[in-house]
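Accompanying notes for the structure given below.
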Amino acid sequence: MVMKPVPWQTGEICGPESAKSLTKPDVLKRDLSKAKKLLLIVGSEAPDEKHGKGDMVDYAIALSKAGKMDVIATGGAIKAFIEKGFEGAKTMGAMELAYRLQDPEWKGPHGRGPYDMIMIYGQPYYMQWTMLSGVMNFAPQIVPIALGRYFQPHAKWSFPNMKEKQYHTILDEILELVGGGK
Amino acid sequence: MVMKPVPWQTGEICGPESAKSLTKPDVLKRDLSKAKKLLLIVGSEAPDEKHGKGDMVDYAIALSKAGKMDVIATGGAIKAFIEKGFEGAKTMGAMELAYRLQDPEWKGPHGRGPYDMIMIYGQPYYMQWTMLSGVMNFAPQIVPIALGRYFQPHAKWSFPNMKEKQYHTILDEILELVGGGK
Amino acid sequence: MDDSQPYYGAMFEGTSPRTGTDFRMKKKAYFKADEADTGLGKFKGLEVRIGTIVDDEWDEPMGPTPMPGPTTLRSWDHKILTKYQPSYMPYCQVCCLCTMGKCDLSGDKRGACGIDIKGQQARIVLAAANIGCAAHLAHSRHLIDHLIEEHGPRTELMQGPGTEIHAPVTRLVTGMRPRTLEDASLILDYCETQMTHTLSATATGQEGSWMDFESKVFHAGMIDQLSMEIADLAQVSTLGMPMADPDAPLVESGIGMMDMDKAIILTIGHNIVPAASITDYITEKRLNDQAEVGGMCCTAWDITRRDPKAKVVGPISWQLRFIRSGRADVVVVDEQCVRTDVVREAKKVHAPVISTSDKAVMGLPDRSDDPPESIIKELVSGKIDGCYISDHSIVGEVATKVAIALKPSRRKMKFFPSKKAIQKMAEDCKKCSECIRACPNDQNVMEAVLAAQTGNMEPLREVYKNCIGCARCESACPNDYDLHSWMVVAGEADCEDEKYMVRTGRGAIQDTEIRHVGQPIVFGEIPGVIAHVGCANYPSGGDDVHHMAEEFAKRRYIIVTSGCAAISMGHVRDENGQSIYERRSGAFDAGCVVNVGSCVANSHIAGAAIKIAAIFAKRNLRGNYAEIADYIHHRVGAVGISWGAMSQKAASIAAGFWRLGVPVIVGPHGSKYRRMLLGKADNERDWMVYDARTGERVPTAPGPEHLFYAAETVAEANVLTAKLVLRPNDTGKGRSIKLSHYIDIHETYYGFFPEDIWKYIRRETDIPITLKDKILAQMKENKWKERKIPDPTLLKEQVIGGGA
Amino acid sequence: MDDSQPYYGAMFEGTSPRTGTDFRMKKKAYFKADEADTGLGKFKGLEVRIGTIVDDEWDEPMGPTPMPGPTTLRSWDHKILTKYQPSYMPYCQVCCLCTMGKCDLSGDKRGACGIDIKGQQARIVLAAANIGCAAHLAHSRHLIDHLIEEHGPRTELMQGPGTEIHAPVTRLVTGMRPRTLEDASLILDYCETQMTHTLSATATGQEGSWMDFESKVFHAGMIDQLSMEIADLAQVSTLGMPMADPDAPLVESGIGMMDMDKAIILTIGHNIVPAASITDYITEKRLNDQAEVGGMCCTAWDITRRDPKAKVVGPISWQLRFIRSGRADVVVVDEQCVRTDVVREAKKVHAPVISTSDKAVMGLPDRSDDPPESIIKELVSGKIDGCYISDHSIVGEVATKVAIALKPSRRKMKFFPSKKAIQKMAEDCKKCSECIRACPNDQNVMEAVLAAQTGNMEPLREVYKNCIGCARCESACPNDYDLHSWMVVAGEADCEDEKYMVRTGRGAIQDTEIRHVGQPIVFGEIPGVIAHVGCANYPSGGDDVHHMAEEFAKRRYIIVTSGCAAISMGHVRDENGQSIYERRSGAFDAGCVVNVGSCVANSHIAGAAIKIAAIFAKRNLRGNYAEIADYIHHRVGAVGISWGAMSQKAASIAAGFWRLGVPVIVGPHGSKYRRMLLGKADNERDWMVYDARTGERVPTAPGPEHLFYAAETVAEANVLTAKLVLRPNDTGKGRSIKLSHYIDIHETYYGFFPEDIWKYIRRETDIPITLKDKILAQMKENKWKERKIPDPTLLKEQVIGGGA
Ligand code: SF4
Ligand code: SF4
Ligand code: SF4
Ligand code: SF4
Ligand code: SF4
Ligand code: SF4
Ligand code: SF4
Ligand code: SF4
């Protein structure tokens, strides 16, 4: 099932609505150009996941800078941001976040919302699945983009269970796109 | 959703297993060449559905002859076969059939089984959906091919919610394939 | 002592349900006599709890299984389930019941709890049966509580003249004769305990075997049947309903029957209590010329049973069309079969909603403790969209006054768009097919909308006829078209013309009627008893129910009916303008159509079958479940049909019949119950029975062939019905009558002579005379051999002399 | 008269639960005195049904809501649900509950019954809560039936010394003091009725509003809590378990503790009755040197409560590893948390299975009526894989004799493959990832298998540590590898080393203990009561539970625990080889670890909170639910944590706490319960309370901030826990203590000083002294203003003088 846009955990089928398979960064262009406020959500697994010479927290920092995105760290990932000296991240619980995003007027902990696009990775697969279900079903104003390696059906765009190497390559391409697009 | 391999009735999502989209008859070749005993199952809606100059019962008769397939008519469709003077069809209930097919030694009313491939159309969409679920889950020895216009996720092969015209064209192509293949 | 046997006061202590020892002999010693004295001030409470439990006047000996626990009848269930094995058609391959999931159960995978896909399907069936059972049981409990409150616990329970064996299901299951409301309450205690047990088995990490899940499904069904009998018994005894009356009144029915010159109160649901408060209020205050009450679903039957001036609007699928039409000035909902968006829908037509049941509060503000005048004011002013009133005694006043107050202004409003407006709106149709894809009946709504663009409303009208009124097409439409309303507008004329007379529910069947037909039924000379029950999820309109009923009534089968099916059956007029109820008698006899009443009354259908065993065969009923079920299964040619079976309740009702060995047919949507119970006609071993006279195992023809079956079409249902009435015990004459009908129906609907007649011929007398040659030829071809007609049973213990 | 009030014998007639009129004044006249005489022979049965119901010796006045119906507490629920709104995360966008479906509920679509996706999610939550409640309730019923049978209905209920306020939940909910088993039975009648009502609301066409579904979820949770209290009360009273004993014995625990020189009987489940029959038999026949009993799940606690020689093998997720290890010579399952494939798994290691519960018969042949000797013979010979025995009294003999007979031959068998063999088999791995995709904890099983190819077992051992023992990886593997067994082999040494001493369940909390800690808790000086309960669906091993408990115990919070969490908590040894139970006292006091016992015992945790209100604040409990819940919510800094919450039972247990206003945290898998109950900290209006002294509406800090929350990590859970213990009623000293801990924990786990401290400062005395400068700066930055400390309540009627 690698490289197919089917739920990574095999039982986690959802409903009729399902994400589009993100295989080329370019497909995001349209949505990116329409988005006004972007939020990057980074979960507890990010510090332990390698990317390039650093980890997925470093990637978040880079992405945030490139795309001028606010960052919310969940599940304690904030500690890694702080340790890396990054000031732009705030902490919130994943479940709180999934809830508050449903409010189209919610300004977020940075006070700069409401957001109309989120990029997300780093929570346990199944937990992100439920978070995104909340967003998909009750926050239609938000375009959710899942940046984890495995397919998240409740996003608008999600990688189709990428091979590891390709995954990291496309992440870098997205970083470029986001940076270039703004 | 026309021309996409998603369940026609939008709520009828199934599980992780789902049919492959049948858009070219050729893809059936492999399965057809492996199949030893074919059964054609025709439901109650067939007599009312046009195809070419006749209806889908005429198509069944042609297909049965071309592919030397036994025919079982469900829900009273048998009457149309008899009225058309076709002798090769037997009648059974759809639910009985879905059950008996699960027995790998079942010889069927023609006494010529067990079947290892079925082609099926003509039952109400949702009812065929459940029949095929029984087959997919409990009759792994059978390759089920759905020949209705709308996508049946529990088949092995199914049309992806075809446009009407294309649908009838591909049916004719399949007829040819089946006839030619044997 | 068997631990699975629950403890019910002093009733059953010391009694093993397996050994069948007479429980009255076995009172335990721990009740001290002096305690009865000390607590003299407390007697009132105490005394009430017992009533007729210690029934010293009943000389029928106690059978082996009074008040069975969840596994007491397991061995009977296993017999049935071996003969009719579940055919699972998973409706979903995953399980989402706990947080170890979702578990993928496809292929031979197991869930994190160890369950496999068959176990899972069976578990879901059990969950559904429990939910269905809970619905009736909670309804029954509410009724009993209310009636005890109103009439006192010692109020006698009656089923009417000629029903000496009253409450046959209760006798059979519990070993009790319920004589008072207090007894009824005790029986519900038992039911609630059992339901808790069977529901608990669905929890993660409990039952694991599909067979045992299914056995518990049967148990839930039996408990359901019991709780329904109690409910109807109680309401018939206290609320002035017809009592086992074949001449129950004809009442008006259909949308066109509602008198729009009066204020209209629409009642929806199943619980007579609030609705009765309305009709009583209207009668008492002599407001009949100002207001009238129409019912939908079972409440319709129960209000007309109590007050024949009330009207039956239609079955469940008529809810939306009727509310949307704006005809109702106030909508009163009680419980079950209520559209969950009723408040939203009624609001569109400015009709307030009064919720009267704690099961369906619908988010409405609670006004239970307010004085009626203030509630009325709030509702009439539109300050609130509706309210919840738990005190039924004030519902009548509030609903009536509100309706009368609102009527004048509401009659000036128009709620539906004109055909012109529809034509205009239709022009923007996106041709996206979403309406078709959303329609459970696969109606081509889009085509109809496209036709409407040109002013042709006929296709929309056609859709209306096959429509179950679910509005899924609407909510799927990206243009937010009120598609269902459009159909109703297209079918306006049909609506107005909906005027029928239907016979309201008569309640139980009389012993005298049974005495009259018991023998011809058991011998097969009345070819069958066909019960049309349940909801209105029809694949193509309600007329089908009438068609099926008429097909068999005219062949002198006994037709019994209840619930929405009974409404639909009456909604067809013949060339003389008469409904089936006008044409046919309401007696339990050949060719008659017997409406027992609302869903809870359908327990009388089982009751009739049980009484046949008691009256004709003189079998003991008391706590004697397996023997009686075995009797019915082999001798009583009854078939249940629930053509529009929809809910969990229909599932549990069916389960009650399965445990009695009575086959049930549902319409094609019933395939979504995701498991059938099917026999294998060609598997001779499956049709062996003991001959009770000799103990021999003898083959019989496959009859009834299936126990639960979703038919694709009316044609299939009719053919199957004719076949499912066959029973091993048929006499030659009975068998030949049944076969003639089967052959005739088969030829009519399938176009050819059935090929399996020879299987059902045991000896020459079985052969229908007029078809003798053809059948003899078939017999010869199939190497037919003569068989004996056994005294059939599946129970070894039924063999005379114990089957040694 | 409120119709939603059910009728319970003579108990409550004439009493409105809303008005609170003393019910003893209101007996109705329909009980005729002479009837008490006529039926003298029947008294025995009658008398039993009542017991202490008419409790003339209890001078506590009846509160407003004895035996509440499904909507009686609705207005309280709505208050809570407005403050903590559901955040739904649909686990499935469709509904498959009836045959009008499946309905697509995505977007703003509605189902054919009119329901929308929020209503549907709430309905599923209600169904789950009902199933969970049914599991405990049916268990409770079984216990009570059995104990009445065994000990008689007048057997007194006791909770032990210092528990004058026994059964606080029962008092609160029902207004009754249950004094005998017979009373307990009556209370279960009430519970069963309520559960039937709430379950019925899930049927198609009943409740429509998410708010009302959720209110019924709370109702089911409350009923669940009540039934659990009754169950534990009954077993503690009769089965020789510790009674509210802080010094309950330490018992042996862990796989390594099992003495393989003896025959091993493994008991799995929740119902002590069959397990007790085994330990009793062993003791009676002096077979302790030949056989020993180990328990898994709650049965483990309950057998060791009865017999400290028995052992606690491990939590639910240990089932498979222990069975597969072949150590158990016979497996006895009762009910709940039993792997549904236990027969299949036990068969692999030639261990017969005895099912003892009608909830989990597992398809086994029924041997209930056979003599023990013949059953033993069948089981020892392997003729049957196991059997169902409903008569618990013979289970002890059968299980023990079978285990002893089988032991010698079974000890010679080898059940696991060698590491070598694993290495060999691993070579064929298809690298298909299916094992990873199947793993609920996303374990990289494939990598571990690939490592095993080279003989490196360490990765498999790592997986073992994070594994919940579900075997989904295995059933997904196309090579049919016994992957879970491989992990166990890789972790063999860890297994052998699993040797711990754990304190068995003590039962209730004493009034004297409450008297001691009531004030410091309410004032906030004991910073909180943290309850670790529930199942073992841990995201990364059971050590986390120990870690969380220790983190707060060392800060002098009171740690309470029960069920599998209590086992996991004890399965970590410190540098001195001691478990947390050895290090810390079992008293209900600061820094102690209180194991109340099995899951049903966790009702004592709620009981303790309720007793604080009664003892410290002298509030009346009797039928006074809303006031007490309001009290607890605002004053008792309790938090429930169910880190491995898995089942429907965990859901209903949580719901019981929600209705009491106590927040619950679950682990990340808990997100699959598909709805949280969340507050909005920044929404000032949500945190307004009445000041009971003045009637003013005053703002408070958001505490507790959430009511139901799935934490992603231990870090998040710890930070949240520290915050959720905050209560509006904290004194200055209490608040400053709580805040110090919150700050410290926040800095430890999140790496920075929390930014919201200023919100929780009401006046300067709230500021932790050592951090004063930092906090003052933060206050200034946020334009802090002084606030008053109210006497907080959400109930207008609690305002002195009625809140006019
Ligand atoms: S109940 Fe069993 S199959 Fe269902 S989700 Fe839970 S573990 Fe999986
Ligand atoms: S309202 Fe009628 S036409 Fe529309 S989806 Fe439902 S059944 Fe089909
Ligand atoms: S859903 Fe609406 S817009 Fe689409 S085809 Fe149907 S009527 Fe037209
Ligand atoms: S028959 Fe079915 S749909 Fe009709 S009222 Fe009864 S339960 Fe409801
Ligand atoms: S069982 Fe029903 S609710 Fe659960 S995943 Fe399947 S379709 Fe969805
Ligand atoms: S219960 Fe309602 S939403 Fe669910 S399948 Fe039935 S009609 Fe559809
Ligand atoms: S048994 Fe352990 S490793 Fe395998 S799927 Fe279950 S949790 Fe994962
Ligand atoms: S599922 Fe089996 S074959 Fe596939 S990767 Fe895992 S261990 Fe290898």
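Each chain gets a letter, A, B and so on, in the order its sequence line appears, and its residues count up from 1. Atoms considered below: every heavy atom in the structure, side chains included; atoms not considered: hydrogens, waters and symmetry mates.
If you measure heavy-atom distances from A:Glu83 to chain D, you find no contacts under 4.5 Å at all. The parts of A:Ile78 that come within reach of chain D are both its backbone and its side chain, each placing non-hydrogen atoms under 4.5 angstrom from that chain. When heavy atoms are compared at a cutoff of 4.5 Å, D:Thr748 approaches chain A solely by way of its backbone atoms N, CA, C and O. Heavy-atom distances place both the backbone and the side chain of D:Gln85 under 4.5 Å from chain A. Contact annotation for A:Pro140: neither backbone nor side-chain heavy atoms come within less than 4.5 Å of a heavy atom of chain D. Only the backbone of A:Met131 has a heavy atom closer than 4.5 Å to any heavy atom of chain D. For A:Ser44, the parts sitting under 4.5 Å from any heavy atom of chain D are the backbone and the side chain alike. Both the backbone and the side chain of A:Tyr99 come within less than 4.5 Å of a heavy atom in chain D.
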>> What verdict does the side-chain contact (heavy atoms from CB on, under 4.5 Å) test give for D:Asp442 and A:Trp8, after you've listed the backbone C-alpha separation in whole Å, the side-chain angles of each residue and the deciding distance to 0.1 Å?
In response: CA-CA 10 Å; D:Asp442 241 333; A:Trp8 175 243; 3.5 Å; yes

> What's the verdict on side-chain contact (heavy atoms from CB on, under 4.5 Å) for D:Leu720 and A:Glu96, showing C-alpha distance, side-chain angles and the deciding distance?
Replying inline: CA-CA 12 Å; D:Leu720 192 61; A:Glu96 278 172 317; 5.6 Å; no

> Does the pair D:Gln121 and A:Asn137 meet the rule for a side-chain contact (heavy atoms from CB on, under 4.5 Å), with working shown?
Replying inline: CA-CA 12 Å; D:Gln121 302 310 307; A:Asn137 282 289; over 6 Å; no

> Passes side-chain contact (heavy atoms from CB on, under 4.5 Å), D:Met89 versus A:His154? Steps please.
Replying inline: CA-CA 11 Å; D:Met89 298 168 295; A:His154 300 139; over 6 Å; no

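Between A:Gln102 and D:Ser87, the closest heavy-atom pair is NE2-OG, 3.7 Å. In terms of heavy atoms, A:Gly76 sits closest to D:Thr713 at N-OG1, 4.4 Å. Smallest separation of non-hydrogen atoms from A:Gly93 and D:Glu716: CA-OE2, 3.0 Å.
Ring orientation note: the planes of D:His669 and A:Tyr126 are close to parallel, at an angle under 30° on the 30°/60° scale.
Counting heavy-atom pairs under 4.5 Å between each of D:Gly751, D:Pro539, D:Gly670 and chain A puts D:Gly751 at the top. Comparing A:Trp129, A:Tyr150, A:Tyr125 by how many heavy-atom pairs each has under 4.5 Å with chain D, the most go to A:Trp129. Per-residue counts of heavy-atom pairs under 4.5 Å with chain A were compared for D:Ala681, D:Gly679, D:Ala717, D:Pro440; the largest is that of D:Pro440. Counting heavy-atom pairs closer than 4.5 Å to chain A, the top-ranked of the candidates D:Ala438, D:Ala711, D:Ser106, D:Gly107 is D:Ser106. Counting heavy-atom pairs under 4.5 Å between each of D:Ala715, D:Cys439, D:Pro90 and chain A puts D:Pro90 at the top. Here A:Gly75 is the residue among A:Gly43, A:Gly75, A:Gly134 with the most heavy-atom pairs under 4.5 Å with chain D. Counting heavy-atom pairs closer than 4.5 Å to chain A, the top-ranked of the candidates D:Tyr709, D:Phe752, D:Tyr749 is D:Tyr709.
Residue pairs that meet the ring-ring contact (aromatic ring centres under 6.0 Å, His included) test with at least one member in residues 45-72 of chain A, sequence neighbours left out, are A:His51-A:Tyr59, A:His51-A:His168.
The salt bridge (Lys or Arg N to Asp or Glu O under 4.0 Å) test applied to A:Asp172 returns no partner, not counting sequence neighbours. In this structure, the side chain to side chain donor-acceptor pair (under 3.5 Å) partners of A:Thr74, at least two apart in sequence or on a different chain, are A:Gln123, D:Glu712.
Between A:Ile82 and D:Tyr750 the shortest side-chain heavy-atom distance does not fall below 4.5 Å. Counting heavy atoms from C-beta on, the side chains of A:Met95 and D:His706 never come closer than 4.5 Å.
Close approach to chain A, defined as a heavy atom under 4.5 Å from one of its heavy atoms, is seen in no residue of residues 465-473 of chain D.
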